[in-house]
Amino acid sequence: MNTTATLMDGKAVAQRILDRCGQRVAHIIAKTSVTPCLATVLVGADPASITYTQMKRKRCEAVGMTSRKIELPHETTTQELVATIRELGNDKSVHGILLQHPSPKHIDEREAFEAIPPLKDVDGVTMQSFAAISLGEPSRGYGSCTPAGIMRLLEAYEVKLSGKHAVVIGRSPILGKPMAMMLLAADATVTICHSRTQDVASHVAQADIVVAAVGRANFVKGDWIKPGAIVIDAGYNEGNVGDVEFAPAAAKASMITPVPGGVGPMTIATLIDQTATGAQRQLGLEVE
């Protein structure tokens with residue numbers, strides 16, 4: 001049994017993606033004289049959401065793209081938010097639209113997501129993107145950024161998914177569900193655990209790959225982990241704590257993502273990279 005798991009360095013892998021993305025952006029500008037642009041839309045003043053959108057805009061600018069900041073008051077209605085998103089959707093200078101979530105509780109987030117034109121859905125949140133990824137038609141949509149980033153991290157560490165048993169803990173429409181579909185497309189056998197699953201520990205104990213996306217600090221106990229399993233912690237809770245008990249899990253796993261520095265950087269890098277792809281698609285360039 002492994003006593004020290006390999007740490008999956010999301011920061012390093014994300015930086016390689018961003019470096020390559022910078023080259024793609026330079027190519028787009030050289031070919032079209034158009035600078036790719038990501039619009040970030042934030043409703044309310046949640047401190048964590050403000051920080052996240054700032055980070056995303058900084059990464060945009062670091063690779064040569066521009067960003068547009070739209071901040072709306074907390075009392076904004078769903079109809080007003082949808083109108084703002086549709087205006088951005090009609091703006092040819094905007095190539096990607098990110099609605100920072102979660103939105104305030106009075107907002108119909110699904111209605112707002114669906115106002116994003118499919119070509120500009122670089123965060124992979126619309127039903128069309130989910131269907132495209134689930135049905136193996138990636139050119140018709142974009143992967144939801146966190147699961148798509150996880151898949152790229154697994155690829156970077158040469159993890160073979162075919163025939164492996166993957167357990168995804170969580171079934172949110174932007175993480176758990178698309179994660180399961182992406183793993184299935186890679187020929188893994190997938191189990192999804194959620195709030196009504198009985199004896200989650202017994203499912204995790206059979207997993208070759210565990211993806212924890214439940215949003216509860218230290219929910220996954222180290223002694224649940226099968227020796228040699230690969231553990232992907234997509235949680236980020238107060239105090240820089242993930243969804244997995246890190247030290248006990250690392251003592252049994254073969255690979256594990258740290259929190260922070262594992263999944264988070266991959267999510268942002270995927271968003272930026274998909275914005276470049278969105279610009280290429282909208283400008284009629286071949287997607288590299």
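- Within the 4.5 Å cutoff, the side chain of Phe219 has heavy atoms near those of the Ile169 side chain.
- When only modelled atom types and interatomic distance are considered, Thr277 and Arg24 share a side-chain donor-acceptor pair under 3.5 Å.
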Stepwise, does the side chain to side chain contact (heavy atoms under 4.5 Å, CB included) test hold for Lys226 with Asp208? CA-CA 7 Å; Lys226 175 182 174 180; Asp208 302 307; 2.8 Å; yes
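- Lys120 places a side-chain N or O within donor-acceptor distance of the main-chain N or O of Leu88, the cut-off being under 3.5 Å.
- Taking the salt bridge (charged side-chain N to carboxylate O under 4.0 Å, His left out) definition, one finds that Arg57 meets it with nothing, sequence neighbours left out.
- Ser103 and Glu109 form a side-chain donor-acceptor contact under 3.5 Å, judged by distance and modelled atom types alone.
- At a threshold of 4.5 Å between non-hydrogen side-chain atoms, the residues Ile256 and Met8 do not count as touching.
- Contact of the Thr257 side chain with the Leu7 side chain is not registered, since no non-hydrogen atoms from C-beta on lie closer than 4.5 Å.
- By the 4.5 Å heavy-atom criterion applied to side chains, Pro104 and Glu75 are not counted as neighbours.
- The closest side-chain heavy-atom distance from Arg152 to Tyr157 is not below 4.5 Å.
- The pair Lys252-Asp223 fails the salt-bridge criterion, with no side-chain N (NZ, NE, NH1 or NH2) lying under 4.0 Å from an Asp/Glu carboxylate O.
- The shortest side-chain heavy-atom distance between Thr197 and His203 falls under the 4.5 Å cut-off.
- Side-chain contact check for Leu42 versus Lys69: every heavy-atom pair is 4.5 Å or farther apart.
- A salt bridge does not link Asp187 to Lys164: none of the charged side-chain nitrogens sits closer than 4.0 Å to a carboxylate oxygen.
- A salt bridge does not link Arg216 to Asp243: none of the charged nitrogens lies less than 4.0 Å from a carboxylate oxygen.
- Contact of the His194 side chain with the Val200 side chain is not registered, since no non-hydrogen atoms from C-beta on lie closer than 4.5 Å.
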Checking side chain to side chain contact (heavy atoms under 4.5 Å, CB included) for the pair Lys56/Ser67: CA distance, chi angles, key distance, verdict? CA-CA 9 Å; Lys56 290 163 184 174; Ser67 63; over 6 Å; no
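- Environment of CZ in Arg110: crowded, with over 12 heavy atoms of neighbouring residues, nucleotides or ligands closer than 6.0 Å.
- Looking at residues two or more places apart in sequence or on another chain, you find no salt bridge (charged side-chain N to carboxylate O under 4.0 Å, His left out) involving Arg59.
- Under the 3.5 Å distance criterion, the side-chain polar atoms of Gln128 are matched with a main-chain donor or acceptor of Arg140.
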Step-by-step side chain to side chain contact (heavy atoms under 4.5 Å, CB included) determination, Ile230 to Val210: CA-CA 6 Å; Ile230 294 164; Val210 179; over 6 Å; no
